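First up is the structure itself, then whatever we jot down about it.
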Amino acid sequence: MPTLSDVAAEAGVSPTAVSRYLNNRIDLPQATRDRIDAAIAKLDYRPNLLARRLSTGKSEAIALVTPDIANPFFAELAAAVERQAHASGYSVYITSTQGHTDAEVKAIRRMADSHVDGLIMMTNRVDDGTLAALLAGRTNVVVLDEDIEGVNLPRVFVDNAEGAYLATRHLIEHGHRDIALIGGPHRLMSVNERLAGYNRAMDEAGFSIRPGWVLLGDYSRDYGAAAASVLLEAPSRPTAILACSDYIAIGVIQTVRALGFSIPNDISLVGFDDMAFAALVDPPLTTIRQPVGAMGELAVKHLLALLEGTPPPDETRLPVELVIRNSVAPPAQHADPT
């Protein structure tokens with residue numbers, strides 16, 4: 001294996017100059033930089049990463065904690081984080097926690113043990129104080145997608161309330177007033193904000209929300225299917241459903257078909273996320289698009305800014321947009337009036 005000294009001899013410079021050049025600690029003339037680069041390429045030199053990390057005090061790696069890498073939403077976020085990190089010269093270690101507290105705790109402790117330079121933290125549960133205690137005082141963590149109450153760290157979120165407001169307004173503009181909502185876990189930030197946007201749109205229109213027509217449980221297909229069964233098998237059913245994730249919407253579609261109804265002839269449906277499959281279901285799903293790629297890229301940029309001693313904004317909210325497809329129509333004539 002070629003050594004640093006071999007590269008130095010080939011380029012006609014000292015080993016110290018090569019080392020400092022590779023660690024961005026010296027400003028060399030362009031001709032000298034070109035000779036070193038040519039020598040590295042000719043000899044197929046690979047730096048000793050361990051030695052480099054010992055000399056710089058950095059691992060050149062960051063960690064990403066995600067609730068479920070198998071979920072397309074989190075997978076797309078992880079891909080965006082990796083893309084931006086690699087472009088900035090960092091590796092990414094990914095932990096998929098399945099929403100388990102112990103897995104989240106282990107990932108945070110790995111960062112504390114200097115295995116990585118920083119952490120992008122995603123969770124899909126309401127913290128009981130465990131994460132807040134572990135993250136208190138950290139200066140190398142960015143919170144992404146969901147908040148962790150009691151933690152003063154840079155955050156990257158989307159405008160959840162505006163998204164639910166736009167979705168509900170779209171249904172109202174198509175003549176719906178009997179609109180139900182199916183959402184994720186009670187007290188989770190995104191759930192609270194999406195519920196607030198729905199309430200705002202209904203209040204502005206002067207429409208009441210029937211008891212039992214707001215169902216909160218989990219951002220999953222199974223919960224969407226179960227909640228839709230409750231709504232659609234009741235004596236009085238809604239004419240439209242706002243599903244606060246596209247996964248929930250898939251569950252709703254499953255139940256609608258099982259009960260012999262159709263979308264949008266019997267039930268109109270709007271999702272939230274705009275996952276790739278939203279355009280492929282039948283009918284194609286009207287939904288709220290989250291800028292998932294931009295979220296992941298911005299989280300990395302904010303984390304690297306922290307590592308360089310330049311604090312990013314305390315909180316960044318990215319805009320969402322309504323993507324209109326074919327899952328919304330005016331309410332059927334037989335729908336129950338309010």
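Note that this is a predicted model, so its numbers are computed, not measured.
The number of heavy atoms from other shown groups lying within 6.0 Å of CD (Glu315) is above 12. The neighbour count for Asn152 CG, taken as heavy atoms of other residues, nucleotides or ligands under 6.0 Å away, does not exceed 12. With a 6.0 Å radius and a threshold of 12 heavy atoms from other residues, nucleotides or ligands, His186 has its NE2 atom at or below the threshold. Around the CG atom of Asp102, the shell of radius 6.0 Å holds more than 12 heavy atoms that belong to other residues, nucleotides or ligands. By the neighbour-count criterion of 12 heavy atoms within 6.0 Å, atom CZ of Arg35 is densely surrounded, having more than that number from other residues, nucleotides or ligands.
Looking at Ile172 and Arg169, their side chains come closer than 4.5 Å, going by heavy atoms from C-beta outward.
Glu162 and Arg317 are not joined by a salt bridge, as no carboxylate oxygen comes within less than 4.0 angstrom of a charged side-chain nitrogen.
In this structure, CG on Asp6 lies 6.5 Å from CG on Leu43, to the nearest 0.5 angstrom. In this structure, the separation between CZ on Arg138 and CG on Leu306 is 13.5 Å, given to the nearest 0.5 Å. Note: Leu131 CG to Met121 CE = 5.0 Å, rounded to the nearest 0.5 Å.
A donor-acceptor contact under 3.5 angstrom links the side chains of Thr101 and Arg125, judged on distance only. Between the side chains of Asp222 and Ser220, no donor-acceptor pair is found at a separation under 3.5 Å. The closest side-chain donor-acceptor pair between Ser268 and His176 falls under 3.5 angstrom. Asp159 and Tyr165 are not linked by any side-chain donor-acceptor pair at a separation below 3.5 angstrom, with hydrogens and angles left out of the test. In summary, the side chains of Glu146 and Thr123 do not present any donor paired with an acceptor at a separation below 3.5 Å, with no hydrogens or angles considered. Ser190 and Tyr219 share a donor-acceptor pair across their side chains, judged by distance under 3.5 Å alone.
Of the possible donor and acceptor atoms, one in the side chain of Asp68 sits under 3.5 Å from a partner among the backbone N and O of Ala70. The closest donor-acceptor contact from the side chain of Asn71 to the backbone of Phe73 lies under 3.5 Å.
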